[in-house]
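Throughout, numbering of the chain's residues begins at 1 and tracks the sequence.
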Amino acid sequence: MDASQRITALEDVPTESTVLFRVTDDSDGEREAILVATENGDDGTDGDTEADRLACWLNYCQHLTHIKIDKGSGAPMRNGELVCANHGAYFDADSGECTYGPCEGAYLTDLEVTVDDGDVYLTDDDYEYVGAGPVDDGGDLSSSSNVKI
């Protein structure tokens, strides 16, 4: 594995939240992504791998894409689903599908990851790992409400 693409140790991926990190691609500059433990891969079959228990998504809600799911301290989760705190949208952690909310039926954008010797690596051909934590946007990790008062 390419050491420069190491995201974190598998054991450091929380079961009820996310790991936030930065990636870059050829066109959009730095973006945020989240790594989440999933229930996939726990069926006991011989084909299960450590990577089957992880999913990786770009860190934005499909309803309004300027809204972050993980605002810097881990995304809220409920019953195996990521929750957008701004809209109340629920995304299945395994598939990325919005199962409830204003973007129901939409999918989060996935990134490929691989587990090797207990470490998680970004192996997506379209993205390069930049570093841990949020994109520096002037220190504002919040996403304001879209409701006009």
- Task: Examine distances only and state if a side-chain atom of Glu97 and a backbone atom of Gly105 form a donor-acceptor pair shorter than 3.5 Å.
- Result: no
- Query: Are any side-chain N or O atoms of Thr18 and backbone N or O atoms of Gly74, one a donor and one an acceptor, separated by less than 3.5 Å?
  - Reply: no
Nearest 0.5 Å, what's the [atom1]-[atom2] distance between [X] and [Y]?
X	Y	atom1	atom2	value
Asp94	Thr38	CG	OG1	4.0 Å
Ile34	Lys68	CD1	NZ	12.0 Å
Cys84	Lys71	SG	NZ	5.5 Å
Leu82	Leu108	CG	CG	6.5 Å
Cys56	Glu112	SG	CD	10.0 Å
Tyr121	Leu10	OH	CG	11.5 Å

- Item | Heavy-atom check, side chain of Leu54 versus side chain of Val36, under 4.5 Å | no
- Are Arg22 and Glu32 close enough for a salt bridge, meaning some N to O gap below 4.0 Å? no
- Item | Whether Tyr90 and Tyr100 hold their rings parallel, tilted or perpendicular, with breakpoints at 30° and 60° | perpendicular
- Query: With sequence neighbours left out, what residues match Ser17 under side-chain contact (heavy atoms from CB on, under 4.5 Å)?
  - Reply: Pro14
- Partner set under side-chain contact (heavy atoms from CB on, under 4.5 Å) for Ala106, not counting sequence neighbours: Gln62, Cys103
- Query: Under the side chain to side chain donor-acceptor pair (under 3.5 Å) criterion, do Glu81 and Thr99 qualify, and how do the steps go?
  - Reply: CA-CA 9 Å; Glu81 294 186 302; Thr99 60; 2.4 Å; yes
- Which pair of non-hydrogen atoms, one from Val19 and one from Val13, has the smallest distance, and what is that distance? CG2-CA, 4.1 Å
- For the student: nearest non-hydrogen atoms of Ala9 and Asp119, plus distance: CA-OD1, 3.6 Å
- Query: When you look at Asp116 and Thr114, which way does the side chain to side chain donor-acceptor pair (under 3.5 Å) test go after all the steps?
  - Reply: CA-CA 6 Å; Asp116 185 44; Thr114 300; over 6 Å; no
- Message: Looking at Asp2, I want to see if its CG is surrounded by more than 12 non-hydrogen atoms of other residues, nucleotides or ligands under 6.0 Å.
- Response: yes
- Indicate, with yes or no, if Tyr60 and Ile69 share a hydrophobic cluster defined by side-chain heavy-atom contacts under 4.5 Å among Ile, Leu, Val, Met, Phe, Trp and Tyr. no
- Going only through I, L, V, M, F, W and Y residues with side-chain contacts under 4.5 Å, is there a path from Leu58 to Leu20? no
- Message: For Gln5 and Glu128: C-alpha separation, side-chain torsions, deciding distance, then whether side-chain contact (heavy atoms from CB on, under 4.5 Å) applies.
- Response: CA-CA 7 Å; Gln5 297 304 298; Glu128 295 286 326; 3.0 Å; yes
- Query: Among Asn59, Thr24, Leu111, Asp25, which one satisfies side-chain contact (heavy atoms from CB on, under 4.5 Å) with Arg31?
  - Reply: Asp25
